[in-house]
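Okay, so here's the structure we're looking at.
Quick note: numbers below take in every heavy atom, side chains included, and nothing from hydrogens, waters or symmetry partners.
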Amino acid sequence: MAPCKKVLMLCGDYMEDYEAAVPFYALAAFGVAVDCVAPGKKPPGDACLTAVHEFLDYDLYTELAGHRFAVTADFAAAAADTSCYDALVVPGGRFVEQLSVDPLAVSLVAAFAAETTRRPVVVTRHSQLLLAAAGAMRGVRCTAFFSMQHVVELAGGRWVEPEPLGLCVADGNVLSAIGWPAHGEIIRELLRALGATVVGGRGQAVLFLCADYVDDYEANVPFRALAGVGCRVEAACPTKRKGEACVTAIYDATAAAASDEKRGHNFAVTVDWGDVDADQYDGVVVPGGRAPELLVTLDEAVALVREFAGKGKVVASIDQGHLLLAAAGLLDGKSCASGVPMRVIANLAGAATVQHGGAVADGNLVTAASWPDLAEFIAHIISLLGITVSF
């Protein structure tokens, strides 16, 4: 069935990695088409280099190299006619400084913010600058990264402190936030603004099993997407306490070669391992990266995954997370979607079929090959949790 809603994402080099990836994959999982455009770039083949913004014990956040994020539609064509789009998402990052003096980019933003259309506009971190450049900030209650307060006020906006960091401020058609920590609320508010009906999310709880060098996208994107449909999401690590963080890893391989590993964002542990009780959750997600190489050596981690399966709860694994499924005996006789790294292991663990790429659900088990398959992976999880998103 063709998507009934369509969202435009305005992109550029050094946009914040999560602030592009989370809405892109989450909205796609919920049946929303997302076109990604950037001035000077054309599909297929062109991509934007993203940036990871994370605090690493300095006074200001550090910027690290992220993923290559593909553009999927032509910028000039989208700017010439925005009528087919129901909302606009502008990630944060340094690229908005350049776009704020690009007349075509500013006119595109103005078209969404115009009184005659007033379609939802999502701005995060620094992309509020584009709203100001478009003359669309006056009288709007708005939050952003702290350094943007004076910009908001100079443009006639009404500053709102981003406390807590997960706050999304919805004022008319403008949805603003400090950045990616607010993605759960951003997605929730955007779905509401798009007229979505979410059924079944309230009261559902999902545990993420993580450790250092968990894959950056594979942990955070489904974590925020599930929060966006009302799930209580928590993260646990056998070797860390609540409030500590797991460092994530970025793997951005080409089709022909393995990827270098880069440091990603921090992924916060939200619950102590000793307090984890499978009966308090409806499912568990095991992201990939190198984290499963540690987790599979810890009997308590393997036993927890096996317990979730034994209780008939949803067990979802992506990429190298399959190591834990294999150790727990959960792949025997099951269909499994796997990338190259886990393909032999899935066969050795007795998988009935191994689908090369994509995502597949077999009973309460969901598997996916790697992060490009996140939309399908999330869609399977919410379906098994009994959650529906309709427009």
For H183 together with Y18, are the ring centres under 6.0 Å from each other?
no
Residues forming a ring-ring contact (aromatic ring centres under 6.0 Å, His included) with H380, sequence neighbours excluded
none
Is any side-chain heavy atom of L64 closer than 4.5 Å to one of L56?
yes
Can you list everything that forms a ring-ring contact (aromatic ring centres under 6.0 Å, His included) with F223? Sequence neighbours excluded, please.
F208, F267
Around atom NZ of K5, are there more than 12 heavy atoms from other residues, nucleotides or ligands closer than 6.0 Å?
yes
Would the number of heavy atoms belonging to other residues, nucleotides or ligands and lying under 6.0 Å from OH of Y58 be above 12?
no
For a 4.5 angstrom cut-off between non-hydrogen side-chain atoms, does V34 reach P23?
no
Between E54 and R263, does any NZ, NE, NH1 or NH2 come within less than 4.0 Å of an OD or OE carboxylate oxygen?
no
Electrostatic pair K313:D282 at N-O distance under 4.0 angstrom:
no
Candidate list L167, V152, V140, test side chain to side chain contact (heavy atoms under 4.5 Å, CB included), partner V160, passing option
L167
So, are D216 and K262 salt-bridged, with charged N and O less than 4.0 Å apart?
no
Is E234 close to Y281 at the side-chain level, that is, under 4.5 Å between some pair of heavy atoms?
yes
